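Presented below is the structure to which this report refers.
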Amino acid sequence: MAEPEVVPPTGPLGPATALRTDHCGALTIVDADRRVSLCGWVARRREHGEHLAFVDLRDHTGVVQCVVDGASELRAEWVVRITGTVRRRPEGAGNLAIATGEVEVGDAVVEVLSAAEPPPFSLDERGPSTDEAIRLKHRYVDLRRERMQRNLRLRSAVNAAIRRAMDAQGFLEVETPMLMASTPEGARDFLVPSRLKPGSFYALPQSPQLFKQLSMVGGVDRYYQIARCMRDEDLRADRQLEFTQLDAEMSFGGQEDVLQAISHAVRLATAAAGRDLGAIGRISWHDAQERYGSDKPDVRFGMELVELTPLFASTGFNAFRAPCVKAIAVPGGASLGRGRTDALTDLAKGFGAKGLAWLKRHTEAAEGLEGPILKFLSEEERAGLPGEPGDLLLFVADERAVVNKVLGLLRLELGRPPVNEGGLHAVWVVDFPLFDGVDDAGRPMAAHHPFTMPHLEDLDRLEDDPLAVRSQAYDLVLNGWELGSGSVRIHRGDVQQRVFRLLGIGAEEAEQKFGFLLAAFRYGAPPHAGFAFGIDRLVALLAGEENIREVIAFPKTQSGTAPLTGAPAPVAARDLEIYGLRPLPPPI
Ligand code: ASP
């Protein structure tokens, strides 16, 4: 007879196992009088009389106090199994700070499963924070901390919600290769030498971009993948050499379809984290620059840039005779001292301004203004200035792009709330320009990647006025972090050739680099569009973490190393030979 299928009782914490009946963090007064077996690490141990010891036992769900007889051999971080009876703690001995604080496990016996060396740092969340390099070297210890466990669980819940959302919308999960040819995302590739073809290299994917487009030609219709991407670029708080994206692509749809599908996934992921996203806003790239001085506006707070160019059109104040004059009003800034305004001027110069002018507004009336530039302004100009009583007005006059950039950065510096304050405010930034300025050779540079479809209305201007051409590209921005970007793709060979030509990619180079894609397009390419957003960034924002390393199980340091494994490490010359490689002498 066939064995009956045993379905383990699953709860949010998982089923009981051979060694344990319960989880440490889940015990409550409801469990009183139950005999339980718990497994975990010794978080703390305190003597109580000659034989008795209080042992705080920790697993991934939390900590519970156990009262153990004859536990003298127990040390911090030993792995043990404790069996005992749940009981209410004696009057006055409760601990409201922990979820299990009302109970303890009494009459407990301990079985040591693994002894442990003293931990390299204290795991007490309240203790002084440990140097990150040490945390990363012993990440397996660091991950036991409550905060890291919470972040890992959050990330898992977010991934699961994203998968559910994409699945429910008819997207097919397709895995794309890691060993592949270069994808142009604007970063440097990581290369992997081929042993079978010495002297040749694979590139690790900067994204699955080309493959997801190929899968559209392959009739997949809607593709998604929680994809690992590798980009060899300088690291920052929100950037790692390898990161994870929700990558998606859909056929026979346009921008609105993509925005809707992705918004749904982000909304479900946010809900899975127990957070509320609210309505996702929308702003054009142009307006984002004008109002926030950024293509990734943090809309959690106001302090928008105020247009003053018309007000100063015929000004007598030399410093304001410029193509563009704008200001921001900093709430409460009127109380800042001279040292602080001087520091802001230095900061503005560091951001690229020639200078920074300021005025304090004490009252609504023009007479309520104060500051060194006031005497240069006409009555009409004074009357037209913005701000509320108590504000500090900061002015920049320059080329429009410089003004927007500098005031945008000052706005963040002076108004940006900490990552875990101000709620979650997402906004779609649409109508990006197709090109991002010109390179040293005067050639336009792709703002997104070279497969981005221009706005059809702007197609005629492609050759004559490329910098004015808008693209069908869009970004999703959450609390001022660029979560991700996407676009409608070029599926027509003729338009693709024109864009390649403008980018200085000749027919031969195009053939060599993307010949396979262009060939695929000749065999019937559906119109398609897609998007990708960074899961590390989303989870960091949902967790209230400033740094994505806190939500990655095994991240690299800021300098791209892995203290735990020692990667990257040199390879012996003889091991390189099989790849047809020989090392250069080390740089002097
Ligand atoms: N491949 C792009 C990126 O990684 C996203 C996209 O265009 O779908 O940014």
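Just so it is clear, the values below take in all heavy atoms, side chains as well, and ignore hydrogens, waters and symmetry mates. Because the structure is predicted, anything quoted here is derived from the model rather than measured. Remember, it's 1-based here, ligands and their atoms both numbered in the order they're listed.
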Show your working on side-chain contact (heavy atoms from CB on, under 4.5 Å) between Glu249 and Ser215 and close with a plain yes or no.
CA-CA 9 Å; Glu249 196 77 14; Ser215 71; 5.7 Å; no
Using the rule given for side-chain contact (heavy atoms from CB on, under 4.5 Å), can you reason through Phe451 versus Phe500, listing the C-alpha separation, both sets of side-chain angles and the distance that settles it, and then say yes or no?
CA-CA 9 Å; Phe451 313 109; Phe500 277 159; 3.9 Å; yes
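For the atom pair CG of Leu467 and CZ of Arg461, the computed distance is 11.0 Å after rounding to the nearest 0.5 Å.
Between Tyr474 and Phe531, the ring planes are parallel. Angles under 30° get that label, and only those over 60° would be called perpendicular.
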Which protein N or O atoms sit under 3.5 Å from any N or O of ligand 1? Give each pair with its distance.
unit_1: ligand 1; atom_1: 1 (N); unit_2: Glu185; atom_2: OE2; d: 2.6
unit_1: ligand 1; atom_1: 1 (N); unit_2: Ser207; atom_2: OG; d: 3.3
unit_1: ligand 1; atom_1: 1 (N); unit_2: Gln209; atom_2: OE1; d: 2.6
unit_1: ligand 1; atom_1: 4 (O); unit_2: Arg231; atom_2: NH2; d: 2.9
unit_1: ligand 1; atom_1: 4 (O); unit_2: Gln245; atom_2: NE2; d: 3.1
unit_1: ligand 1; atom_1: 7 (O); unit_2: Gln209; atom_2: OE1; d: 3.3
unit_1: ligand 1; atom_1: 7 (O); unit_2: His448; atom_2: NE2; d: 3.1
unit_1: ligand 1; atom_1: 7 (O); unit_2: His449; atom_2: NE2; d: 3.0
unit_1: ligand 1; atom_1: 7 (O); unit_2: Arg489; atom_2: NH1; d: 2.8
unit_1: ligand 1; atom_1: 7 (O); unit_2: Arg489; atom_2: NH2; d: 3.3
unit_1: ligand 1; atom_1: 8 (O); unit_2: Gln209; atom_2: OE1; d: 3.4
unit_1: ligand 1; atom_1: 8 (O); unit_2: Lys212; atom_2: NZ; d: 2.6
unit_1: ligand 1; atom_1: 8 (O); unit_2: Arg489; atom_2: NH2; d: 2.6

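For the pair Arg411 and Phe301, the cation sits on the ring face: its NZ or CZ lies under 6.0 Å from the ring centre, inside 45° of the axis.
Checked options Val427, Ile280, Leu277; the residue passing with Leu478 is Leu277 (criterion: side-chain contact (heavy atoms from CB on, under 4.5 Å)).
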